[in-house]
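See structure below.
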Amino acid sequence: MDRLLTGLQPSGALTIGNYAGGISQIVNYQKDYETFLFVPDMHAITVPQDPEALHRNIINAIAMYIACGVDPDLENMHIYIQSENLYHANLSWIFECHTPHGDLTRMHQFKAKSALHETFTEGLVTYPDLMAADILLYDAKYVPTGIDQKQHVELARNLAIRFNNRYGEIFRVPEPMIPTIGAKIRDLQNPEQKMSKSTTNPKASVFLSDTEKQIRKKIMSAVTDSDGVIKFDEENKPGVSNLLTIYSVFSGCSIEDAVAKFEGGGYGDLKKGVADAVVEKLMPVQEEYNKVIESGRINEILDEGREFSNKIAAEKYEQVRKAVGFGRI
Ligand code: TYM
């Protein structure tokens with residue numbers, strides 16, 4: 001079975017964007033691939049985190065994956081925490097020593113995040129090397145993500161190709177798996193930007209854990225445009241196109257069907273339809289989430305994932321260690 005691998009940072013509560021770009025793809029493909037799904041807590045500390053909140057967000061993220069339909073009982077499903085596997089950081093260091101600095105500082109995400117603060121940590125620069133280690137340790141064929149992570153997966157591909165050329169065939173060259181609908185869910189207040197976990201605008205992002213009232217309020221106050229026409233045109237009508245995309249992701253219909261359903265009506269009806277679809281999907285997810293938290297199973301799932309992921313990563317790391325000349329033969 002080929003492998004899928006992805007991770008969602010526990011840097012805050014998960015959004016409907018994370019669902020569209022990451023979680024829903026895992027749920028759709030989990031029976032067809034061996035799946036490695038992990039919480040990149042080491043990535044989260046590239047920006048300051050409150051330690052207590054980070055612990056909590058890690059467990060909450062796992063419960064949310066499962067509540068959304070990730071099946072931890074599948075034999076080919078492995079769920080684990082990045083920091084519980086020391087090979088990720090070890091391989092990341094080796095990759096840092098094989099990546100030109102300029103390749104890291106030209107990453108879109110680095111440019112955007114570093115511009116937000118006067119100073120930033122070196123971890124924000126080397127972040128894509130750690131992400132490459134996450135992926136390449138497991139010979140993943142596909143990496144399901146939203147469009148914002150595509151450039152990082154491409155850096156991992158380039159590293160794998162360069163490494164293989166220099167040291168012999170060690171890594172499988174991965175491919176990004178970007179959904180056709182929902183690769184970039186936009187900020188509800190500023191549709192030029194992607195929806196983000198770490199927004200400071202309380203109306204910008206819908207979280208998977210939001211109450212029905214919050215969801216409806218945020219979607220009803222989404223920024224659109226003033227021409228009053230419902231059509232899918234991401235460039236000229238990003239707000240309306242975003243609402244149609246969210247409707248499509250949460251109702252399961254195509255963009256064409258979403259347009260056909262709402263065209264000719266007002267933006268108010270479109271927003272109400274979108275809010276209904278999101279609420280209908282998320283209310284049962286939240287019930288399930290509470291059950292998962294109460295079941296007390298998360299530790300057991302993570303113990304199994306830690307053991308399995310360490311076994312696979314140890315084998316790959318041993319190959320790399322020998323190839324670069326570390327330690328004894
Ligand atoms: P993160 O935590 O920012 O996002 C998790 C996943 O959600 C997707 N995503 C979106 N998709 C659509 N619309 C949006 N507005 C939106 N916002 C986020 C992301 O593309 C991602 O798939 N670096 C990664 C975490 C990571 C990782 C990895 C992913 C670390 N190691 C190895 C894959 C493989 C990140 O920060 O994602």
Side-chain angles (χ1 to χ4, degrees), residues 3-27 35-47 49 54 57-58 61 64-65 68 80-83 85 88-89 91-92 95 107-110 112-113 123-124 126-157 159-160 174-199 204-208 234 238 241-242 245-246 248-250 309 313:
R3 291 178 177 163
L4 278 192
L5 176 145
T6 202
L8 296 97
Q9 278 194 65
S11 46
L14 297 167
T15 70
I16 57 172
N18 299 135
Y19 175 80
I23 302 176
S24 70
Q25 296 209 84
I26 292 289
V27 173
T35 304
F36 290 74
L37 176 57
F38 68 100
V39 182
D41 51 348
M42 291 161 69
H43 275 101
I45 66 160
T46 50
V47 295
Q49 299 290 333
L54 185 55
N57 285 338
I58 292 167
M64 196 51 96
Y65 302 162
C68 286
Y80 54 100
I81 300 175
Q82 183 186 38
S83 65
N85 186 323
H88 290 238
L91 184 57
S92 178
F95 285 165
M107 294 284 114
H108 304 313
Q109 184 174 292
F110 168 74
K113 288 200 175 173
L124 200 64
T126 58
Y127 175 117
D129 280 324
L130 178 57
M131 184 160 158
D134 299 336
I135 299 168
L136 300 183
L137 273 172
Y138 301 95
D139 285 328
K141 177 167 187 189
Y142 292 117
V143 183
T145 68
I147 199 80
D148 60 323
Q149 296 299 320
K150 186 166 178 247
Q151 199 185 29
H152 291 161
V153 180
E154 280 161 2
L155 185 131
R157 279 177 66 80
L159 256 171
E175 285 171 45
M177 184 189 248
I178 313 288
T180 40
I181 303 170
K184 181 181 176 183
I185 300 291
R186 294 160 186 272
D187 182 303
L188 294 178
Q189 291 302 310
N190 179 3
E192 300 299 325
Q193 282 179 10
K194 71 159 189 172
M195 184 179 285
S196 155
K197 291 184 208 96
S198 49
T199 178
S205 300
V206 175
F207 297 100
L208 300 180
E234 287 189 289
S241 303
N242 192 36
T245 302
I246 297 171
S248 167
V249 168
F250 281 87
S309 75

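Every number for a ligand or one of its atoms is a count from 1 in the order of the listing. Any value given below was found using the heavy atoms of this structure, including those in side chains, with hydrogens, waters and symmetry copies removed.
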So, regarding [X] and ligand 1 (criterion: nitrogen or oxygen to nitrogen or oxygen, under 3.5 Å), is there a contact or not?
X      : result
Gln109 : no
Ile185 : yes
His152 : no
Met195 : yes
Gly146 : yes

In terms of residue, atom name and distance, what is the protein heavy atom nearest to [atom]?
atom                    : value
atom 37 (O) of ligand 1 : Gln149 NE2, 3.8 Å
atom 4 (O) of ligand 1  : Asn18 ND2, 3.3 Å
atom 22 (O) of ligand 1 : Thr145 CA, 3.1 Å
atom 33 (C) of ligand 1 : Thr6 OG1, 3.4 Å
atom 25 (C) of ligand 1 : Gly7 O, 3.5 Å
atom 19 (C) of ligand 1 : Asp148 OD1, 3.4 Å
atom 2 (O) of ligand 1  : Lys197 NZ, 2.6 Å
atom 11 (N) of ligand 1 : Gly17 O, 3.0 Å

Against ligand 1, does Gln82 come closer than 4.0 Å with any heavy atom?
no
Against ligand 1, does Ala20 come closer than 4.0 Å with any heavy atom?
no
Mind checking the CG-CD1 spacing from Leu188 to Ile246? Nearest 0.5 Å is all I need.
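Rounded to the nearest 0.5 Å, the CG-CD1 separation comes out at 5.5 Å.
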Relative to ligand 1, is [X] under 4.0 angstrom through side chain, backbone, both or neither, heavy atoms considered?
X      : answer
Ile135 : side chain
Gln9   : both
Ala183 : backbone
Asp134 : side chain
Tyr19  : neither

Between Lys194, Met131, Lys150, which one has a non-hydrogen atom sitting closest to atom 28 (C) of ligand 1?
Met131
Using residues 18-27 as the side-chain source, report each donor-acceptor pair under 3.5 Å to any protein atom, sequence neighbours left out, with the distance given to one decimal.
residue : atom : partner : partner atom : Å
Asn18   : OD1  : Thr15   : N            : 2.9
Asn18   : OD1  : Thr15   : OG1          : 3.3
Tyr19   : OH   : Lys281  : NZ           : 3.4
Ser24   : OG   : Tyr19   : O            : 3.1
Ser24   : OG   : Ala20   : O            : 3.2
Gln25   : NE2  : Gly21   : O            : 3.1
Gln25   : NE2  : Met177  : O            : 2.9

Determine the interplanar angle of the Tyr80 and Phe38 rings, folded into 0 to 90°, and report it as parallel if under 30°, tilted if 30 to 60°, perpendicular if over 60°.
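It falls in the parallel class, under 30°.
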Close aromatic pair by centroid cut-off 6.0 Å: Tyr138 and His88
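Close enough - the centres of the two rings lie under 6.0 Å apart.
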